[in-house]
Amino acid sequence: MEDIEDLLVGSGGGAPPGFRLPITAVGLNPKKNKNKNKPNPNGNSNKQSQIQDPLAPLSPKIPGTQTIYIKTFGCSHNQSDSEYMAGQLSAFGYPLSDNPEEADLWLINTCTVKSPSQSAMDTLIAKGKGAKKPLVVAGCVPQGSRDIKELEGVSIVGVQQIDRVVEIVEETLKGHEVRLLSRKTLPALDLPKVRKNKFVEILPINVGCLGACTYCKTKHARGHLGSYTVDGLVGRVKSVIADGVKEIWLSSEDTGAYGRDIGANLPILLNAIVAELPSDASTMLRIGMTNPPFILEHLKEIAEVLRHPCVYSFLHVPVQSGSDAVLTAMNREYTVSEFKTVVDILTELVPGMQIATDIICGFPGETDEDFTQTLSLIKLYKFPQVHISQFYPRPGTPAARMKKVPSTVVKRRSRDLTSVFEAFTPYVGMEGRVERIWITEVATDGIHLVGHTKGYVQVLVAAPESMLGTSAIVKITSVGRWSVFGEVIETIPHINDTVSGNERPKQEKNFSGLNHYETSACSTKSKNCCCGPESCGGQSEKCAETKNDVQLEDRNSRNLIGWLLRKRKNHVEKPVENEIALGSQKKQEQTQGSLGEWGVVDRALLGGMLVSFLTIVTLLLHLGFRILSSN
């Protein structure tokens, strides 16, 4: 397939490219002129040979200044892709808008997991076409179903080509229909990014998976497992922490499968990332969704990571059904017993562990007995979060060809399971407890802020928005079905709130607890305690004094007056502090001894200063005598 630059420049049509990323291979279909439907004189019906009249630009605006509206459907991985695309467009100069009406182009990032999400995409595309908006469709739908009629007349960009979104938008605004779907290497992690929540970094650790679930359409889009390197991911973690991010979400189609294609595994990655997190727990890590098969062999190592003070004690492990027969039909590659092993070991080894799961109701072949087993499993564990969905056949999947359960039965089972789940009271007993929370967003009511406990329980607090991105100690005042309410007792200062980016001192990695000014020696004693104000005990004042002394010396050493202050501090104040204990005679001996410790450079500097001082005094006296003589 020809390159987009060759198609445009070689034909003499379109404007010269203003910005190009160094990747080749993209297909391009110029928009058809509805008023001219003449056959090609060469008999060639290939759309790629048709080029729109370059003298009839679509937009009167200067290229690179058109406003872009981005709409995202689906999972956190999709959200991360949208943030990367927004970052590149913004870096190029395109303004971003939340108002679709004022935008010059719509970028729609799609999800293919369920029929409702794709239907929502279809509705939005139809609305955009009706409003005559240039459209770019990204995500799993065009990657997995490129030939559906809803995508006719729009530009599409594949899930592994998001680093070329600027080119796609450029050409679409010129009136060209661009299609870029071929797979290549993974998009770089250091692309520009505009986060939906500036305090949350969604970090994709791999794309695709190793499974072959019979109902899954995502595999058609995201493909086989492709993992980022450990070094690359750790480098990204360092970068986002320096940017002020307070939560890092690891995202993947299957976190547990990470690294199996590059000779690594999930525990290796997690331990490498945790080693870079600030030890005052100012930035927290949330591990993404993992299927049971690939974490069974690493449960103890993963439990150890989940116990770490900088990692949320939370994991999303989809079971999908409580029946082995249904799991076999789904090709899930584990049994109900193995799922129970995952839950039992993690809850046993990790204090306050919270596990979320998924259930599909009405999978083809599911009997009443199968569904009863699913109900029993959910009742047994009383999971605080269960994502319940009805089975939707996705085109091109094996499950779409299986005999369906009647829709009335599917809906009834979904209602029954929802009723059981909503009757749980997972947060009863939390009232009155004191918890540390991490606050990252505003609640939908616009009044409360949303924080999470170490176990990722959602806590709503009435507090000013200035507390976003902070951590606080709260007292739980009441509990609800989906969240709890808290009252802020105190906010916790974070070291990297006061020192930014590369300016952070190296010893800061050893800081722990709540004190801004702890020294390495202090934090070494309490390196495993990141959550409590008692972590440094009574040493905190001493640590603060030591830290401030070091900072004072660093600042003062930059000038001559500072040098004098430093010498005075080192050689005069210290004997004075010991005067009461040592007596005046001892004080004099110490003063003499400490003065004797001055180096050659110090003595030379002091001598030069004295000579300069005497010279100035002599000149002033001489000047004074001359003035008196003249009078």
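No hydrogens, no waters, no symmetry mates; every other heavy atom, side chains included, goes into these values.
Aromatic rings from Phe314 and His452 are positioned such that their centres are separated by 6.0 Å or more.
Counting only N and O atoms by type, the side chains of Thr367 and Asp370 include a donor and acceptor under 3.5 Å apart. Checking Ser251 against Ser80 by side-chain atom types alone, no donor-acceptor pair falls below 3.5 Å. With no hydrogens or angles considered, a side-chain donor-acceptor pair links Asp261 and Ser227 at under 3.5 Å. Ser471 and Arg436 are linked by a side-chain donor-acceptor pair at a separation below 3.5 angstrom, with hydrogens and angles left out of the test. Using modelled atom types and a 3.5 Å distance limit, the side chains of Asn291 and Arg332 yield a donor-acceptor pair. Inspection of the Gln354 and Tyr312 side chains reveals no N or O donor paired with an N or O acceptor under 3.5 Å. Between the side chains of Thr290 and Thr255, no donor-acceptor pair of N or O atoms lies under 3.5 Å. No donor-acceptor contact under 3.5 angstrom links the side chains of Asp324 and Thr335, judged on distance only. For the 3.5 Å distance criterion, the side chains of Asp280 and Ser282 qualify, holding a donor opposite an acceptor. Remark: the Asn78 side chain and the Thr72 side chain contain no N/O donor-acceptor pair separated by less than 3.5 Å. No hydrogens or angles considered: nothing links the side chains of Lys246 and Thr283 as a donor-acceptor pair under 3.5 Å. Side-chain contact, Tyr381 with Asp344: a donor N or O sits under 3.5 Å from an acceptor N or O.
Checked by atom type and distance alone, the side chain of Ser313 pairs as donor or acceptor with a backbone atom of Leu306 at under 3.5 Å.
Between Phe363 and Tyr215, the angle of the ring planes goes over 60°, which puts this pair in the perpendicular group of the 30/60° scheme.
The side chain to side chain contact (heavy atoms under 4.5 Å, CB included) test with Leu468 singles out one residue from Asn197, Val450, Ile439, and that residue is Ile439. None of Leu285, Val311, Ile202 except one satisfies the side chain to side chain contact (heavy atoms under 4.5 Å, CB included) rule with Ile248; the exception is Leu285.
Here the shortest heavy-atom pairing between Phe383 and Ile355 reads CD2-O, 3.5 Å. In terms of heavy atoms, Val336 sits closest to Ser323 at CG2-N, 3.9 Å.
Geometrically, Lys193 engages Tyr84 in a cation-pi contact defined by less than 6.0 Å to the ring centre and at most 45° from the axis. Because its NZ or CZ atom is not both nearer than 6.0 Å to the ring centre of Tyr456 and within 45° of the ring axis, Lys454 does not count as a cation-pi partner of that residue.
With sequence neighbours left out, Lys129 forms a side chain to side chain contact (heavy atoms under 4.5 Å, CB included) with Ile125, Leu135, Val154. In this structure Glu348 satisfies the side-chain hydrogen bond (donor to acceptor under 3.5 Å, both in side chains) test with no other residue, sequence neighbours excluded.
Taking 4.0 Å as the cut-off between side-chain N and carboxylate O, Lys238 and Glu201 do not count as a salt-bridged pair. Ion pairing between Asp243 and Lys198 fails under the 4.0 Å rule for side-chain N and carboxylate O. Under the 4.0 Å criterion applied to side-chain N and carboxylate O atoms, Arg164 and Glu167 are assigned as salt-bridge partners. Remark: Glu431 does not engage Arg433 in a salt bridge, criterion side-chain N to carboxylate O under 4.0 Å.
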- Query: After noting the C-alpha distance and the side-chain angles of Glu338 and Lys340, does the key distance pass the salt bridge (charged side-chain N to carboxylate O under 4.0 Å, His left out) rule?
  - Reply: CA-CA 5 Å; Glu338 289 172 328; Lys340 288 181 176 180; over 6 Å; no
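More than 12 non-hydrogen atoms from other residues, nucleotides or ligands lie less than 6.0 angstrom from CD of Glu333.
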